[in-house]
Amino acid sequence: MKIPHNFADAPRFLMGIGLACCFMAGCQKAPPAAPAAKKAAPVVKTKAAAVSQTNEYVSVFEDLQPPQARDPFFPDSHRREPAPPPQQASEVRKTAVASELLLKGIVGSASRRSCVINNEILETGEQGLVRVPSGQLRVRCLTIGNDYVVIKVDGEAQSKRLFMDKKNY
């Protein structure tokens with residue numbers, strides 16, 4: 001093999017040397033065969049020995065609920081705590097605090113307007129369930145003005161007027 005005198009042929013030369021070394025390493029004499037292993041006598045297990053062996057490695061997990069137990073991987077997690085009973089849709093709170101209902105916006109033309117109360121969209125004369133922090137309220141939209149809405153909450157005798165917050169920019 002010719003030794004290269006420039007750098008362009010050096011990678012091919014080194015690759016050839018590497019392949020030759022690998023080939024020579026694979027052509028070594030095979031090691032002598034290992035002597036055949038003696039056959040062991042068959043193992044006879046008694047029923048008592050089998051039971052004690054399996055009981056030694058059995059894991060038992062108790063599914064305890066908090067506060068007796070906690071999640072070993074997420075000790076501060078509350079996901080295993082029992083959930084409160086779900087509130088049924090038919091259970092609608094009858095009274096509301098005026099601060100729970102917020103008029104967030106009024107959209108549309110003068111002839112057909114819609115209002116947004118606590119992220120629920122209502123038109124004039126329309127009735128719907130509105131989410132509030134303490135549950136849900138059934139609200140009927142009576143009138144929509146330029147910056148106010150007159151609503152009637154089920155279970156209350158008087159109607160309420162909600163105003164939009166005016167922001168000074």
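Not measured: the values here are computed from a predicted model. The residues of the chain are indexed from 1 along the displayed sequence. Just the heavy atoms: all of them, side chains too, but no hydrogens, waters or symmetry mates, feed the values below.
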Subject >> Chi angles and distances behind the side chain to side chain contact (heavy atoms under 4.5 Å, CB included) call for Val132, Leu101 >> reply: CA-CA 7 Å; Val132 292; Leu101 295 171; 3.9 Å; yes

Original post:
What are the two closest heavy atoms between Cys141 and Leu122, and how far apart are they?
Top reply: CB-CB, 4.2 Å

Original post:
Looking only at heavy atoms, what is the nearest atom pair of Ser114 and Glu123, with distance?
Top reply: OG-CG, 3.3 Å

With rounding to the nearest 0.5 Å, note down the distance linking [atom1] in [X] to [atom2] in [Y].
X      : Y      : atom1 : atom2 : value
Leu142 : Glu126 : CG    : CD    : 12.5 Å
Phe163 : Asp147 : CZ    : CG    : 7.0 Å
Glu120 : Leu137 : CD    : CG    : 11.0 Å
Ile151 : Glu156 : CD1   : CD    : 8.0 Å
Leu102 : Asn119 : CG    : CG    : 9.5 Å
Ile144 : Leu103 : CD1   : CG    : 9.0 Å

Subject >> Check: Val153 main-chain N/O paired with Arg138 side-chain donor or acceptor under 3.5 Å >> reply: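 Not a single qualifying donor-acceptor pair exists.
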
Subject >> Any donor-acceptor pair under 3.5 Å from Asn118 side chain to Arg131 backbone >> reply: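 Checking the backbone N and O of Arg131 against the side chain of Asn118, a donor-acceptor pair under 3.5 Å is found.
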
Subject >> Arg113 side chain reached by Thr124 side chain, heavy atoms, under 4.5 Å >> reply: no

Original post:
Can you check whether Val130 reaches Glu100 side chain to side chain, under 4.5 Å on heavy atoms?
Top reply: no

Original post:
Are Leu162 and Val139 connected in the hydrophobic side-chain network, where two residues link if heavy atoms are under 4.5 Å apart?
Top reply: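 Linked within one cluster.
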
**OP:** Examine Val116 and Ile106 and state if one hydrophobic cluster contains both, with Ile, Leu, Val, Met, Phe, Trp and Tyr joined whenever side-chain heavy atoms are less than 4.5 Å apart.
**Re:** no

